[in-house]
Amino acid sequence: VKEEPTLSIIVVGASGDLAKKKIFPALFALFYENCLPENFTVFGFSRTEMNDEELRTMISKTLTCRIDQRENCGEKMDHFLQRCFYHSGQYNSEDDFSGLDCKLKEKEAGRLPNRLFYLSIPPNIFVDVVRCVSHRASSASGWTRVIVEKPFGRDSDSSRELTRSFKQYLSEDQIFRIDHYLGKELVENLSVLRFSNLVFEPLWSRNYIRNVQLIFSEDFGTEGRGGYFDNYGIIRDIMQNHLLQILALFAMETPVSLDAEDIRNEKVKVLRSMKPLKLQDVVVGQYKGHSKGNKSYSGYTDDPTVPNNSVTPTFAAAALFIDNARWDGVPFLMKAGKALHTKRAEIRVQFRHVPGNLYKKTFGTDLDKATNELVLRVQPDEAIYLKINNKVPGLGMRLDRTDLNLCYSTRYRGEIPDAYERLLLDAIEGERRLFIRSDELDAAWSLFTPLLKELEEKKVAPELYPYGSRGPVGAHYLAAKHNVRWGDLS
Ligand code: BG6
(Lines give C-alpha, C1' and ligand atoms only; values in the text may rest on other atoms or scores of the structure.)
Protein backbone atom coordinates (compact mmCIF):
# COMPACT_ATOMS: atom_id res chain seq x y z
CA VAL A 1 0.00 0.00 0.00
CA LYS A 2 1.37 3.41 -0.93
CA GLU A 3 1.75 5.66 2.08
CA GLU A 4 -0.07 8.98 2.17
CA PRO A 5 2.44 11.81 1.68
CA THR A 6 3.14 14.18 4.56
CA LEU A 7 2.77 17.91 4.38
CA SER A 8 4.98 20.23 6.41
CA ILE A 9 4.08 23.91 6.38
CA ILE A 10 6.95 26.02 7.60
CA VAL A 11 6.15 29.59 8.54
CA VAL A 12 9.44 31.47 8.30
CA GLY A 13 9.11 34.61 10.41
CA ALA A 14 6.70 32.89 12.78
CA SER A 15 6.89 35.51 15.51
CA GLY A 16 5.93 38.37 13.18
CA ASP A 17 2.61 40.14 12.90
CA LEU A 18 1.47 38.70 9.58
CA ALA A 19 2.12 35.16 10.79
CA LYS A 20 0.23 35.69 14.03
CA LYS A 21 -2.69 37.61 12.57
CA LYS A 22 -3.19 35.87 9.26
CA ILE A 23 -1.17 32.76 8.52
CA PHE A 24 -1.63 30.62 11.64
CA PRO A 25 -5.35 31.51 11.87
CA ALA A 26 -5.78 30.64 8.17
CA LEU A 27 -4.03 27.30 8.67
CA PHE A 28 -6.27 26.56 11.61
CA ALA A 29 -9.36 27.45 9.57
CA LEU A 30 -8.23 25.01 6.87
CA PHE A 31 -7.71 22.34 9.50
CA TYR A 32 -11.12 23.09 10.97
CA GLU A 33 -12.70 22.70 7.55
CA ASN A 34 -10.85 19.39 7.04
CA CYS A 35 -8.93 20.84 4.12
CA LEU A 36 -5.48 19.82 5.33
CA PRO A 37 -4.18 16.33 4.55
CA GLU A 38 -4.18 13.69 7.24
CA ASN A 39 -0.42 13.86 7.88
CA PHE A 40 0.47 17.47 8.32
CA THR A 41 2.66 19.47 10.65
CA VAL A 42 3.14 23.19 11.01
CA PHE A 43 6.58 24.51 11.88
CA GLY A 44 7.36 28.01 13.04
CA PHE A 45 10.86 29.26 12.28
CA SER A 46 12.27 32.58 13.43
CA ARG A 47 15.12 34.10 15.40
CA THR A 48 13.18 34.38 18.67
CA GLU A 49 14.14 31.68 21.16
CA MET A 50 11.02 29.67 21.94
CA ASN A 51 10.01 26.08 22.51
CA ASP A 52 7.04 24.27 20.97
CA GLU A 53 4.79 25.07 23.92
CA GLU A 54 5.63 28.75 23.76
CA LEU A 55 4.83 28.86 20.06
CA ARG A 56 1.49 27.16 20.78
CA THR A 57 0.66 29.68 23.47
CA MET A 58 1.63 32.52 21.17
CA ILE A 59 -0.50 31.42 18.24
CA SER A 60 -3.44 30.18 20.31
CA LYS A 61 -4.20 33.83 21.09
CA THR A 62 -5.04 34.64 17.50
CA LEU A 63 -6.77 31.43 16.42
CA THR A 64 -10.47 31.97 15.98
CA CYS A 65 -13.37 30.02 14.65
CA ARG A 66 -15.04 32.04 11.96
CA ILE A 67 -18.36 31.61 13.61
CA ASP A 68 -18.01 32.00 17.35
CA GLN A 69 -20.44 29.42 18.60
CA ARG A 70 -19.25 26.58 16.43
CA GLU A 71 -19.14 23.19 17.96
CA ASN A 72 -15.86 21.52 18.87
CA CYS A 73 -13.88 24.64 18.27
CA GLY A 74 -11.79 24.34 21.43
CA GLU A 75 -11.17 20.66 20.88
CA LYS A 76 -10.15 21.24 17.28
CA MET A 77 -7.81 24.01 18.37
CA ASP A 78 -6.07 21.65 20.76
CA HIS A 79 -5.63 19.08 18.01
CA PHE A 80 -4.26 21.73 15.70
CA LEU A 81 -1.84 23.10 18.27
CA GLN A 82 -0.49 19.61 18.94
CA ARG A 83 0.61 19.57 15.29
CA CYS A 84 2.54 22.86 15.66
CA PHE A 85 6.29 22.87 16.38
CA TYR A 86 9.05 25.41 16.52
CA HIS A 87 12.65 25.76 15.49
CA SER A 88 14.63 28.90 16.12
CA GLY A 89 17.46 29.99 13.89
CA GLN A 90 19.12 32.74 11.91
CA TYR A 91 17.64 33.43 8.51
CA ASN A 92 20.97 33.18 6.73
CA SER A 93 22.32 30.12 8.53
CA GLU A 94 22.41 26.93 6.50
CA ASP A 95 23.22 25.07 9.73
CA ASP A 96 20.03 26.30 11.33
CA PHE A 97 18.06 25.17 8.30
CA SER A 98 19.82 21.78 8.54
CA GLY A 99 18.57 21.61 12.12
CA LEU A 100 15.07 22.35 10.86
CA ASP A 101 15.48 19.68 8.18
CA CYS A 102 16.30 17.07 10.86
CA LYS A 103 13.18 17.92 12.83
CA LEU A 104 11.07 17.83 9.66
CA LYS A 105 12.44 14.40 8.77
CA GLU A 106 11.56 13.13 12.23
CA LYS A 107 7.94 14.13 11.77
CA GLU A 108 7.83 12.88 8.20
CA ALA A 109 8.81 9.46 9.48
CA GLY A 110 9.98 8.14 6.16
CA ARG A 111 6.78 9.01 4.28
CA LEU A 112 6.83 10.99 1.04
CA PRO A 113 7.55 14.54 2.21
CA ASN A 114 6.01 17.69 0.73
CA ARG A 115 7.15 21.00 2.15
CA LEU A 116 5.54 24.40 1.88
CA PHE A 117 7.55 27.37 3.13
CA TYR A 118 5.75 30.65 3.82
CA LEU A 119 8.19 33.57 3.89
CA SER A 120 6.65 36.03 6.28
CA ILE A 121 9.84 38.08 6.55
CA PRO A 122 11.28 41.40 5.37
CA PRO A 123 12.35 41.47 1.71
CA ASN A 124 16.05 42.04 2.45
CA ILE A 125 16.34 38.47 3.72
CA PHE A 126 14.20 36.72 1.07
CA VAL A 127 17.19 35.52 -0.92
CA ASP A 128 19.14 34.26 2.13
CA VAL A 129 16.20 32.19 3.22
CA VAL A 130 15.51 30.84 -0.26
CA ARG A 131 19.16 29.82 -0.54
CA CYS A 132 19.12 28.07 2.85
CA VAL A 133 15.84 26.35 2.04
CA SER A 134 17.09 25.09 -1.30
CA HIS A 135 20.44 23.90 0.11
CA ARG A 136 19.35 22.50 3.43
CA ALA A 137 15.62 22.14 3.85
CA SER A 138 14.22 21.18 0.46
CA SER A 139 12.27 17.99 0.18
CA ALA A 140 14.41 15.33 -1.47
CA SER A 141 11.61 13.24 -2.96
CA GLY A 142 8.35 15.20 -2.61
CA TRP A 143 7.72 18.78 -3.65
CA THR A 144 9.05 22.01 -2.12
CA ARG A 145 7.07 25.20 -2.66
CA VAL A 146 7.79 28.68 -1.38
CA ILE A 147 5.16 31.36 -0.84
CA VAL A 148 6.48 34.92 -0.86
CA GLU A 149 4.63 38.07 -0.07
CA LYS A 150 5.33 41.50 -1.55
CA PRO A 151 7.29 43.74 -1.78
CA PHE A 152 8.85 42.05 -4.78
CA GLY A 153 11.39 44.80 -5.28
CA ARG A 154 10.88 48.56 -5.44
CA ASP A 155 10.99 49.01 -9.20
CA SER A 156 11.65 47.09 -12.42
CA ASP A 157 15.39 46.65 -11.83
CA SER A 158 15.23 45.49 -8.23
CA SER A 159 12.31 43.20 -9.00
CA ARG A 160 14.18 41.59 -11.90
CA GLU A 161 17.20 41.17 -9.66
CA LEU A 162 15.05 39.43 -7.07
CA THR A 163 13.51 37.17 -9.71
CA ARG A 164 17.00 36.31 -10.98
CA SER A 165 18.24 35.50 -7.47
CA PHE A 166 15.23 33.32 -6.72
CA LYS A 167 15.74 31.42 -9.94
CA GLN A 168 19.25 30.45 -8.88
CA TYR A 169 17.68 28.37 -6.16
CA LEU A 170 14.12 27.58 -7.18
CA SER A 171 12.25 26.95 -10.41
CA GLU A 172 9.36 29.25 -11.33
CA ASP A 173 6.82 26.56 -10.52
CA GLN A 174 8.12 26.35 -6.94
CA ILE A 175 7.58 30.07 -6.34
CA PHE A 176 4.13 31.24 -5.27
CA ARG A 177 4.02 35.05 -5.26
CA ILE A 178 1.03 35.97 -3.21
CA ASP A 179 -1.24 38.97 -3.72
CA HIS A 180 -3.81 38.50 -1.04
CA TYR A 181 -6.37 40.63 -2.88
CA LEU A 182 -6.66 37.83 -5.45
CA GLY A 183 -7.83 35.56 -2.65
CA LYS A 184 -10.72 37.82 -1.67
CA GLU A 185 -14.11 36.34 -2.38
CA LEU A 186 -15.45 39.18 -4.49
CA VAL A 187 -12.29 39.41 -6.55
CA GLU A 188 -12.50 35.70 -7.30
CA ASN A 189 -16.12 36.17 -8.19
CA LEU A 190 -15.32 38.83 -10.77
CA SER A 191 -14.73 36.27 -13.51
CA VAL A 192 -17.80 34.27 -12.57
CA LEU A 193 -19.96 37.36 -12.71
CA ARG A 194 -18.62 38.39 -16.07
CA PHE A 195 -18.20 35.11 -17.89
CA SER A 196 -21.24 33.24 -16.69
CA ASN A 197 -23.92 35.91 -16.96
CA LEU A 198 -25.33 36.87 -20.32
CA VAL A 199 -26.51 40.19 -18.89
CA PHE A 200 -22.89 41.20 -18.28
CA GLU A 201 -20.57 39.37 -20.65
CA PRO A 202 -21.61 41.11 -23.90
CA LEU A 203 -21.46 44.52 -22.18
CA TRP A 204 -17.83 44.14 -21.05
CA SER A 205 -16.20 46.54 -23.49
CA ARG A 206 -15.79 50.15 -24.56
CA ASN A 207 -19.14 49.88 -26.38
CA TYR A 208 -21.07 49.87 -23.13
CA ILE A 209 -18.67 50.72 -20.33
CA ARG A 210 -17.80 54.38 -19.80
CA ASN A 211 -15.22 53.94 -17.08
CA VAL A 212 -14.04 51.55 -14.40
CA GLN A 213 -13.01 52.59 -10.90
CA LEU A 214 -10.91 50.62 -8.45
CA ILE A 215 -11.08 52.10 -5.01
CA PHE A 216 -9.19 51.23 -1.85
CA SER A 217 -9.47 53.24 1.32
CA GLU A 218 -8.50 52.69 4.91
CA ASP A 219 -9.67 54.71 7.89
CA PHE A 220 -6.37 54.35 9.72
CA GLY A 221 -2.88 55.60 8.98
CA THR A 222 0.45 53.83 8.84
CA GLU A 223 0.66 53.69 12.64
CA GLY A 224 3.46 51.35 13.65
CA ARG A 225 4.50 50.68 10.04
CA GLY A 226 5.78 54.13 9.14
CA GLY A 227 9.39 53.00 8.82
CA TYR A 228 8.50 50.30 6.29
CA PHE A 229 5.89 52.34 4.52
CA ASP A 230 8.09 55.36 3.97
CA ASN A 231 10.36 53.31 1.77
CA TYR A 232 7.45 52.20 -0.43
CA GLY A 233 4.46 54.55 -0.41
CA ILE A 234 0.90 53.84 -1.42
CA ILE A 235 1.60 53.33 -5.14
CA ARG A 236 3.90 50.39 -4.41
CA ASP A 237 1.88 49.23 -1.41
CA ILE A 238 -1.54 49.00 -3.05
CA MET A 239 -1.71 50.15 -6.67
CA GLN A 240 1.10 48.33 -8.43
CA ASN A 241 -0.12 45.04 -7.00
CA HIS A 242 -3.61 44.77 -5.49
CA LEU A 243 -5.45 47.24 -7.71
CA LEU A 244 -3.51 46.45 -10.87
CA GLN A 245 -4.16 42.73 -10.39
CA ILE A 246 -7.88 43.41 -10.12
CA LEU A 247 -7.70 45.57 -13.22
CA ALA A 248 -5.97 42.82 -15.20
CA LEU A 249 -8.55 40.24 -14.13
CA PHE A 250 -11.36 42.62 -14.92
CA ALA A 251 -10.15 43.56 -18.37
CA MET A 252 -8.59 40.35 -19.72
CA GLU A 253 -9.91 38.64 -22.83
CA THR A 254 -11.74 35.36 -22.34
CA PRO A 255 -9.08 32.82 -21.40
CA VAL A 256 -8.94 29.55 -23.31
CA SER A 257 -9.80 27.74 -20.07
CA LEU A 258 -9.74 28.25 -16.33
CA ASP A 259 -6.26 26.79 -16.27
CA ALA A 260 -3.73 28.95 -14.38
CA GLU A 261 -1.50 29.49 -17.42
CA ASP A 262 -4.41 30.44 -19.66
CA ILE A 263 -5.64 33.02 -17.17
CA ARG A 264 -2.20 34.43 -16.46
CA ASN A 265 -1.43 34.66 -20.18
CA GLU A 266 -4.48 36.87 -20.63
CA LYS A 267 -3.63 39.03 -17.62
CA VAL A 268 -0.12 39.65 -18.94
CA LYS A 269 -1.54 40.72 -22.28
CA VAL A 270 -3.67 43.36 -20.57
CA LEU A 271 -0.69 44.68 -18.62
CA ARG A 272 1.43 44.80 -21.74
CA SER A 273 -1.29 46.69 -23.61
CA MET A 274 -1.12 49.57 -21.16
CA LYS A 275 1.11 52.61 -21.41
CA PRO A 276 3.43 53.38 -18.48
CA LEU A 277 1.98 56.08 -16.27
CA LYS A 278 3.16 59.68 -16.50
CA LEU A 279 3.15 62.40 -13.89
CA GLN A 280 0.04 64.01 -15.37
CA ASP A 281 -1.87 60.74 -14.91
CA VAL A 282 -1.66 60.83 -11.11
CA VAL A 283 -2.41 62.86 -8.03
CA VAL A 284 -0.54 62.12 -4.84
CA GLY A 285 -1.46 63.05 -1.29
CA GLN A 286 -0.27 62.67 2.27
CA TYR A 287 -2.36 62.85 5.43
CA LYS A 288 -1.75 65.49 8.02
CA GLY A 289 -2.74 65.66 11.68
CA HIS A 290 -6.30 66.56 12.47
CA SER A 291 -8.47 67.05 15.55
CA LYS A 292 -12.09 66.02 15.71
CA GLY A 293 -14.02 66.87 18.86
CA ASN A 294 -11.70 65.96 21.69
CA LYS A 295 -9.79 63.39 19.61
CA SER A 296 -6.70 64.24 17.71
CA TYR A 297 -5.08 62.20 14.97
CA SER A 298 -1.39 62.40 14.13
CA GLY A 299 -0.22 63.19 10.67
CA TYR A 300 1.98 60.85 8.63
CA THR A 301 5.20 62.76 9.32
CA ASP A 302 4.43 62.94 13.06
CA ASP A 303 5.42 59.27 13.21
CA PRO A 304 8.94 59.23 14.74
CA THR A 305 10.03 56.57 12.23
CA VAL A 306 9.11 58.82 9.28
CA PRO A 307 11.44 61.68 8.25
CA ASN A 308 9.86 65.10 8.87
CA ASN A 309 10.30 66.13 5.27
CA SER A 310 9.02 62.90 3.75
CA VAL A 311 7.10 63.30 0.48
CA THR A 312 6.02 59.66 0.41
CA PRO A 313 2.41 59.48 -0.76
CA THR A 314 -0.17 57.91 1.53
CA PHE A 315 -2.81 58.58 -1.11
CA ALA A 316 -2.77 58.35 -4.88
CA ALA A 317 -5.29 58.52 -7.67
CA ALA A 318 -4.37 57.47 -11.18
CA ALA A 319 -5.91 57.20 -14.64
CA LEU A 320 -4.84 54.24 -16.76
CA PHE A 321 -5.74 53.24 -20.29
CA ILE A 322 -5.62 49.92 -22.08
CA ASP A 323 -4.57 50.28 -25.65
CA ASN A 324 -6.53 47.47 -27.26
CA ALA A 325 -9.70 47.04 -29.29
CA ARG A 326 -11.86 46.19 -26.30
CA TRP A 327 -10.89 49.07 -24.03
CA ASP A 328 -9.65 51.85 -26.30
CA GLY A 329 -10.43 55.21 -24.64
CA VAL A 330 -12.02 53.81 -21.47
CA PRO A 331 -10.47 55.36 -18.36
CA PHE A 332 -9.59 52.93 -15.58
CA LEU A 333 -9.35 55.06 -12.50
CA MET A 334 -7.62 53.92 -9.34
CA LYS A 335 -7.71 55.54 -5.96
CA ALA A 336 -5.92 54.28 -2.87
CA GLY A 337 -5.40 55.97 0.44
CA LYS A 338 -4.68 55.62 4.12
CA ALA A 339 -6.27 57.65 6.93
CA LEU A 340 -9.40 58.43 4.94
CA HIS A 341 -12.98 58.69 6.22
CA THR A 342 -13.86 55.05 5.67
CA LYS A 343 -12.47 51.54 5.17
CA ARG A 344 -13.60 50.17 1.86
CA ALA A 345 -12.47 48.39 -1.27
CA GLU A 346 -14.67 48.31 -4.32
CA ILE A 347 -14.84 47.94 -8.06
CA ARG A 348 -17.21 50.32 -9.83
CA VAL A 349 -18.27 49.98 -13.43
CA GLN A 350 -20.08 52.94 -14.90
CA PHE A 351 -22.02 52.23 -18.07
CA ARG A 352 -22.86 54.53 -20.97
CA HIS A 353 -26.25 56.18 -21.57
CA VAL A 354 -29.05 54.34 -23.25
CA PRO A 355 -28.87 55.91 -26.74
CA GLY A 356 -31.94 58.04 -27.47
CA ASN A 357 -33.25 57.46 -23.97
CA LEU A 358 -37.02 58.00 -24.06
CA TYR A 359 -36.90 59.32 -20.54
CA LYS A 360 -34.11 61.81 -20.99
CA LYS A 361 -36.38 64.75 -20.19
CA THR A 362 -37.05 63.23 -16.80
CA PHE A 363 -33.32 63.26 -16.07
CA GLY A 364 -32.88 66.91 -17.01
CA THR A 365 -29.51 67.67 -18.53
CA ASP A 366 -27.42 65.36 -16.39
CA LEU A 367 -27.84 62.09 -18.22
CA ASP A 368 -24.54 60.88 -16.75
CA LYS A 369 -26.12 60.71 -13.35
CA ALA A 370 -28.70 58.32 -14.68
CA THR A 371 -26.48 55.65 -16.17
CA ASN A 372 -26.23 52.17 -14.74
CA GLU A 373 -23.44 51.41 -12.37
CA LEU A 374 -22.34 47.98 -11.22
CA VAL A 375 -20.59 47.90 -7.87
CA LEU A 376 -18.66 45.01 -6.37
CA ARG A 377 -17.99 45.84 -2.78
CA VAL A 378 -14.94 43.74 -1.98
CA GLN A 379 -14.99 44.71 1.69
CA PRO A 380 -16.39 45.29 4.21
CA ASP A 381 -20.01 44.02 3.93
CA GLU A 382 -19.37 42.18 0.70
CA ALA A 383 -22.05 42.97 -1.86
CA ILE A 384 -22.80 43.28 -5.53
CA TYR A 385 -25.29 45.88 -6.56
CA LEU A 386 -26.49 47.39 -9.78
CA LYS A 387 -27.80 50.90 -9.93
CA ILE A 388 -30.82 51.08 -12.18
CA ASN A 389 -33.48 53.63 -13.05
CA ASN A 390 -36.91 52.79 -11.81
CA LYS A 391 -40.33 54.38 -11.79
CA VAL A 392 -41.40 55.61 -8.41
CA PRO A 393 -44.76 53.95 -7.81
CA GLY A 394 -47.63 56.38 -8.22
CA LEU A 395 -49.76 58.11 -10.79
CA GLY A 396 -47.07 60.50 -11.97
CA MET A 397 -43.92 59.68 -13.89
CA ARG A 398 -41.00 60.15 -11.61
CA LEU A 399 -37.82 58.14 -11.93
CA ASP A 400 -35.69 57.00 -9.11
CA ARG A 401 -32.15 55.64 -9.16
CA THR A 402 -32.18 52.56 -7.04
CA ASP A 403 -30.23 49.35 -6.44
CA LEU A 404 -30.67 45.71 -7.29
CA ASN A 405 -28.75 44.49 -4.32
CA LEU A 406 -27.03 41.22 -3.51
CA CYS A 407 -25.83 41.48 0.05
CA TYR A 408 -23.60 38.55 0.98
CA SER A 409 -24.40 38.49 4.68
CA THR A 410 -28.11 38.11 3.94
CA ARG A 411 -27.81 35.72 1.03
CA TYR A 412 -24.90 33.58 2.23
CA ARG A 413 -25.06 34.02 5.99
CA GLY A 414 -21.80 35.88 6.00
CA GLU A 415 -19.47 32.92 5.96
CA ILE A 416 -16.62 34.17 3.83
CA PRO A 417 -13.19 32.61 4.13
CA ASP A 418 -10.22 34.86 4.67
CA ALA A 419 -8.12 35.45 1.54
CA TYR A 420 -5.15 33.66 3.14
CA GLU A 421 -7.18 30.48 3.60
CA ARG A 422 -7.93 30.21 -0.10
CA LEU A 423 -4.39 31.08 -1.13
CA LEU A 424 -2.74 28.67 1.28
CA LEU A 425 -5.06 25.90 0.16
CA ASP A 426 -4.29 26.66 -3.49
CA ALA A 427 -0.54 26.56 -2.80
CA ILE A 428 -0.92 23.21 -1.03
CA GLU A 429 -2.85 21.89 -4.00
CA GLY A 430 -0.39 23.36 -6.51
CA GLU A 431 -3.07 25.61 -8.04
CA ARG A 432 -1.29 28.69 -9.42
CA ARG A 433 -4.23 30.66 -10.82
CA LEU A 434 -4.22 33.25 -8.03
CA PHE A 435 -0.45 33.70 -7.79
CA ILE A 436 1.65 36.15 -9.78
CA ARG A 437 3.90 34.80 -12.53
CA SER A 438 7.28 36.48 -13.02
CA ASP A 439 6.37 38.00 -16.41
CA GLU A 440 3.19 39.45 -14.88
CA LEU A 441 5.22 40.99 -12.12
CA ASP A 442 7.66 42.45 -14.60
CA ALA A 443 4.86 43.94 -16.72
CA ALA A 444 3.29 45.43 -13.60
CA TRP A 445 6.53 47.13 -12.59
CA SER A 446 7.11 48.45 -16.11
CA LEU A 447 3.87 50.41 -15.84
CA PHE A 448 4.73 52.14 -12.59
CA THR A 449 8.53 52.42 -12.54
CA PRO A 450 8.97 55.54 -14.73
CA LEU A 451 6.32 57.36 -12.71
CA LEU A 452 7.84 56.37 -9.38
CA LYS A 453 11.27 57.49 -10.55
CA GLU A 454 9.93 60.85 -11.67
CA LEU A 455 7.97 61.42 -8.46
CA GLU A 456 11.06 60.62 -6.42
CA GLU A 457 13.60 62.49 -8.51
CA LYS A 458 11.47 65.62 -8.62
CA LYS A 459 10.42 65.17 -4.98
CA VAL A 460 6.86 65.95 -6.02
CA ALA A 461 5.09 67.41 -3.01
CA PRO A 462 1.96 65.47 -2.10
CA GLU A 463 -1.28 67.37 -1.56
CA LEU A 464 -1.95 67.32 2.17
CA TYR A 465 -5.33 66.05 3.38
CA PRO A 466 -6.65 65.86 6.92
CA TYR A 467 -6.70 62.50 8.65
CA GLY A 468 -10.21 61.07 8.32
CA SER A 469 -11.16 63.17 5.28
CA ARG A 470 -12.10 62.09 1.77
CA GLY A 471 -8.62 62.74 0.47
CA PRO A 472 -7.12 65.43 -1.78
CA VAL A 473 -9.43 67.41 -4.05
CA GLY A 474 -6.89 66.83 -6.81
CA ALA A 475 -8.45 63.38 -7.22
CA HIS A 476 -11.67 65.05 -8.42
CA TYR A 477 -9.84 67.15 -10.97
CA LEU A 478 -8.04 64.10 -12.28
CA ALA A 479 -11.36 62.27 -12.66
CA ALA A 480 -13.04 65.31 -14.21
CA LYS A 481 -10.24 65.57 -16.77
CA HIS A 482 -11.44 62.19 -18.02
CA ASN A 483 -15.14 62.99 -17.67
CA VAL A 484 -15.47 60.76 -14.68
CA ARG A 485 -17.21 61.29 -11.37
CA TRP A 486 -15.99 59.06 -8.52
CA GLY A 487 -18.86 56.71 -7.78
CA ASP A 488 -18.09 56.45 -4.08
CA LEU A 489 -18.62 60.15 -3.59
CA SER A 490 -21.82 60.74 -5.55
C1 BG6 B 1 -1.30 45.15 2.42
C2 BG6 B 1 -0.70 46.52 2.56
O3 BG6 B 1 -0.84 44.54 1.25
O4 BG6 B 1 -2.71 45.26 2.36
C5 BG6 B 1 -1.27 47.23 3.76
O6 BG6 B 1 0.70 46.40 2.68
C7 BG6 B 1 -2.76 47.24 3.74
O8 BG6 B 1 -0.79 48.58 3.82
C9 BG6 B 1 -3.30 45.83 3.51
O10 BG6 B 1 -3.24 47.74 4.98
C11 BG6 B 1 -4.81 45.84 3.32
O12 BG6 B 1 -5.27 44.53 3.29
P13 BG6 B 1 -6.75 44.21 3.72
O14 BG6 B 1 -6.92 42.78 3.38
O15 BG6 B 1 -6.85 44.49 5.18
O16 BG6 B 1 -7.63 45.13 2.93
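Indexing begins at 1, ligand by ligand and atom by atom, following the structure's order.
- Classified by interplanar angle (parallel below 30°, tilted 30° to 60°, perpendicular above 60°), the ring pair Y118/Y420 is tilted.
- The aromatic rings of F45 and Y91 sit tilted relative to each other, their planes meeting at an angle between 30° and 60°.
- In this structure R344 satisfies the salt bridge (charged side-chain N to carboxylate O under 4.0 Å, His left out) test together with E346, sequence neighbours excluded.
- Tested against R160, the residues D155, D439, D442 include a single salt bridge (charged side-chain N to carboxylate O under 4.0 Å, His left out) partner, D442.
- The main-chain N or O of D96 is found under 3.5 Å from a side-chain atom of S93 such that the two form a donor-acceptor pair.
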Taking a 3.5 Å cut-off between nitrogen or oxygen atoms, can you list every pair linking ligand 1 to the protein, with distances?
from     : atom 1 : to   : atom 2 : distance (Å)
ligand 1 : 3 (O)  : K150 : NZ     : 2.9
ligand 1 : 3 (O)  : H242 : NE2    : 2.7
ligand 1 : 6 (O)  : K150 : NZ     : 2.9
ligand 1 : 6 (O)  : R225 : NH2    : 3.1
ligand 1 : 6 (O)  : D237 : OD1    : 2.6
ligand 1 : 6 (O)  : D237 : OD2    : 3.4
ligand 1 : 8 (O)  : R225 : NH1    : 2.8
ligand 1 : 8 (O)  : D237 : OD2    : 2.6
ligand 1 : 8 (O)  : K338 : NZ     : 2.6
ligand 1 : 10 (O) : E218 : OE1    : 3.3
ligand 1 : 10 (O) : E218 : OE2    : 2.6
ligand 1 : 10 (O) : K338 : NZ     : 3.3
ligand 1 : 12 (O) : H180 : NE2    : 3.0
ligand 1 : 14 (O) : H180 : NE2    : 2.8
ligand 1 : 14 (O) : K184 : NZ     : 2.6
ligand 1 : 16 (O) : Y181 : OH     : 2.4
ligand 1 : 16 (O) : Q379 : NE2    : 2.6

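- Side-chain polar atoms of D230 and T312 form a donor-acceptor pair below 3.5 angstrom.
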